[in-house]
2 protein chains.
Amino acid sequence: MTVHEHGRYSTGVEDLPYRSVPEAAVGRLAVYLRVLTSMIEQGVTTMSSEVLAGAAGVNSATLRKDLSYVGSYGTRGVGYDTARLVEHIERLLGLTRHHSIAVVGIGNLGHALANYPGFPDRGFPVTALFDLDEDLIGVPVGGLPVDHVDSIPAICAEREVTIGVICTPVPAAQGVCELLVAGGVRCILNFAPIVLQVPDDVEVRRVDLAVELQILSFHQVRRCNGNGVGPVVEPIDPIAVSR
Amino acid sequence: MTVHEHGRYSTGVEDLPYRSVPEAAVGRLAVYLRVLTSMIEQGVTTMSSEVLAGAAGVNSATLRKDLSYVGSYGTRGVGYDTARLVEHIERLLGLTRHHSIAVVGIGNLGHALANYPGFPDRGFPVTALFDLDEDLIGVPVGGLPVDHVDSIPAICAEREVTIGVICTPVPAAQGVCELLVAGGVRCILNFAPIVLQVPDDVEVRRVDLAVELQILSFHQVRRCNGNGVGPVVEPIDPIAVSR
DNA sequence: GCGACTTTGTTCCTGCGTTCACAAGCGGCT
DNA sequence: AGCCGCTTGTGAACGCAGGAACAAAGTCGC
Ligand SMILES: NC(=O)c1ccc[n+]([C@@H]2O[C@H](COP(=O)([O-])OP(=O)(O)OC[C@H]3O[C@@H](n4cnc5c(N)ncnc54)[C@H](O)[C@@H]3O)[C@@H](O)[C@H]2O)c1
Ligand SMILES: NC(=O)c1ccc[n+]([C@@H]2O[C@H](COP(=O)([O-])OP(=O)(O)OC[C@H]3O[C@@H](n4cnc5c(N)ncnc54)[C@H](O)[C@@H]3O)[C@@H](O)[C@H]2O)c1
């Protein structure tokens, strides 16, 4: 499934001056996009970097540098045209085309994802569901019938699935991953708490909620212990006392 | 406050020599922890940094540096004692104590989280559920009855909830967040796609699946377009995928 | 007991990402 | 029309994280 003819999108991606967009910036751009669309719905047509940065929870300089990666489309003295900015960020992120999603493992989490309207609404239609459980095969979930895992390669290739979402138990995850790769899927979102081994040209993002909780735990404990020195004590630095 | 020789360690948290552990390292340590516990279940008692790094998907030098933050407990020429390593990582991450979780918004996602045994299994017992929907109040989910959102502050304080998980629709998220903070919760895991505004002493981690998908989309499109320099660069040998 | 091999812990360095700061540019006001 | 103030875009500095390389240290084999 090599994408040869991109020329069809004349307003397309190929003439963007994008080089070396930092990984972190890509994630933030997606956040800006969400804030912007929300603002547009409220009728906002122009935003300054200061305001947008505040809403996105980042430094305004960082925001402006991030936006410079998509090209300079702001107006000095005024700010950014929200609609135009959305358009350009979407183009950089490759959202001008739709990306079909396949969800594998229609258990608790898989059900929630399959029913979630936020994905199709944002250009990520769920076009395939898979499970091993015979009782689930053929049952429609969110309007789409569940197929058997064995048909992953064929169906993914046929429906041009670009993103595979793994919601199976840990022992099944690696195998499912390989089936997806065999079906031509090169982007994987993995909810199973395991590090998947994949070829170099496959991109995996892992969503590990237990890790998130443990990071929160770390900060919680650290906060109570000050800088790790001495027993549990109130913060030593009297920052509250201003000079 | 002195960091005495850490050849001797008592079981307490207070004399850990942890200072300035990089944020990224904390996340990786949680991953090592998972790999290690999995290995221990398989009877592995010793691991080298090379092997552990491979399983965790990181560079071995990075791994050793990360482990140096928890103290030097490896044996040169042999590797790390898995059980002891787990013990020390858990201590650094503050997992020696349990952290009660409250889930707010018992919809699709909230149900999945409330039923997920992986949280209590890892020291994060779910001790409170909240929703606005009258039909849900009192209904047990995962063995725990749902309470009304209005009782968030009281119940969170009473049950000493340390982590609040927000699974409500976007418009409700900020309000729910404030209720949690009022109940003394200072760590929040937010699934609603919105940037929460919180006091400085509250730590928020956002899990935004749409952002994850968009990052994957970016890489997908970029891969097809080469490195952005010049027009579309085609991979000479596409993988042996049927076209 | 001793040597050689293995692996850790650490140091140095390179590269990236973030922030500061400021000149350039644009709109609005008088 | 010209000036003023506001905001962008970017160059430069700073801080930090990640990777390579190496010396110390401990074990295993003989
Ligand atoms: N539920 C949560 O809140 C939650 C939170 C964090 C992580 N996770 C992780 O997400 C994954 C799924 O969680 P869940 O709660 O939905 O589990 P679940 O048990 O409810 O669902 C798992 C589903 O996968 C299917 N399955 C099993 N083997 C399969 C295979 N080989 N191929 C395809 N499908 C297979 C099962 O039939 C079942 O429908 C797990 O790895 C879990 O650790 C879940
Ligand atoms: N379901 C998914 O797969 C998914 C994926 C990504 C993000 N999210 C986000 O997670 C959140 C929840 O998603 P969901 O699919 O579970 O939605 P849902 O509609 O199934 O559930 C939302 C729940 O929140 C409750 N609620 C509404 N207002 C409330 C309030 N003020 N206080 C407390 N509870 C309230 C509702 O009664 C309902 O039970 C949403 O913000 C959604 O965008 C969900």
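Just so it is clear, the structure is predicted and the values come from calculations on it, not from any experiment. Below, chain A is the first sequence line, B the second, and so on; all start at residue 1.
- Atoms CZ (A/Arg76) and P (D/dT8) sit 10 Å apart, rounded to a whole Å.
- A side-chain donor from one of A/Arg64 and A/Ser49 sits under 3.5 Å from a side-chain acceptor of the other.
- Rounded to an integer number of Å, the gap from B/Leu85 CG to C/dG9 C1' is 14 Å.
- By the 4.0 Å N-to-carboxylate-O rule, A/Glu90 lies too far from A/Arg34 to be salt-bridged with it.
- With rounding to the nearest 0.5 angstrom, the CG atom of B/Leu63 is 9.5 Å from the OG atom of B/Ser48.
- Nearest nucleotide to the side chain of A/Ser48, out of C/dT10, D/dT8, C/dT8: D/dT8.
- Put simply, B/Thr75 has no side-chain N or O that comes within less than 4.0 Å of OP1 or OP2 on D/dG26.
- At a cut-off of 3.5 Å, with distance as the only test, no side-chain donor of A/His99 or B/Gln214 sits close to an acceptor on the other residue.
- Separating the CG atom of A/Leu52 from the C1' atom of D/dG9 is a distance of 15 Å, rounded to the nearest angstrom.
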Query raised in the report: How does protein reach along nucleotides 11-20 of chain C, written 5' to 3' as B (base within reach of a heavy atom under 4.0 Å), S (only sugar-phosphate), or - (no contact)?
Result: BB----SBBB
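- Rounded to whole Å, atom P of C/dT8 lies 13 Å from atom OH of B/Tyr32.
- Atom P of nucleotide C/dG9 and atom CG of B/Leu67 are separated by 8 Å, given to the nearest angstrom.
- Residue B/Tyr80 has its side chain nearest to C/dG9 when only C/dG9, D/dT27, C/dG27 are considered.
- Between B/His88 atom NE2 and C/dT8 atom P the separation is 16 Å, expressed in whole Å.
- Here C/dT7 presents its P atom at 16 Å from CG of B/Asp81, a figure rounded to the nearest Å.
- Side-chain N/O atoms of A/Asp81 and A/Tyr73 include no donor and acceptor closer than 3.5 Å.
- Atoms CD (B/Glu50) and P (C/dG9) sit 14 Å apart, rounded to a whole Å.
- One finds the CZ atom of B/Phe124 at 10.5 Å from the CG atom of B/Leu189 (value rounded to the nearest 0.5 Å).
- Distances shorter than 4.0 Å separate none of the side-chain N or O atoms of B/Tyr73 from OP1 or OP2 on C/dT7.
- In this structure, B/Arg122 does not pair ionically with A/Glu212, as no charged nitrogen and carboxylate oxygen lie closer than 4.0 Å.
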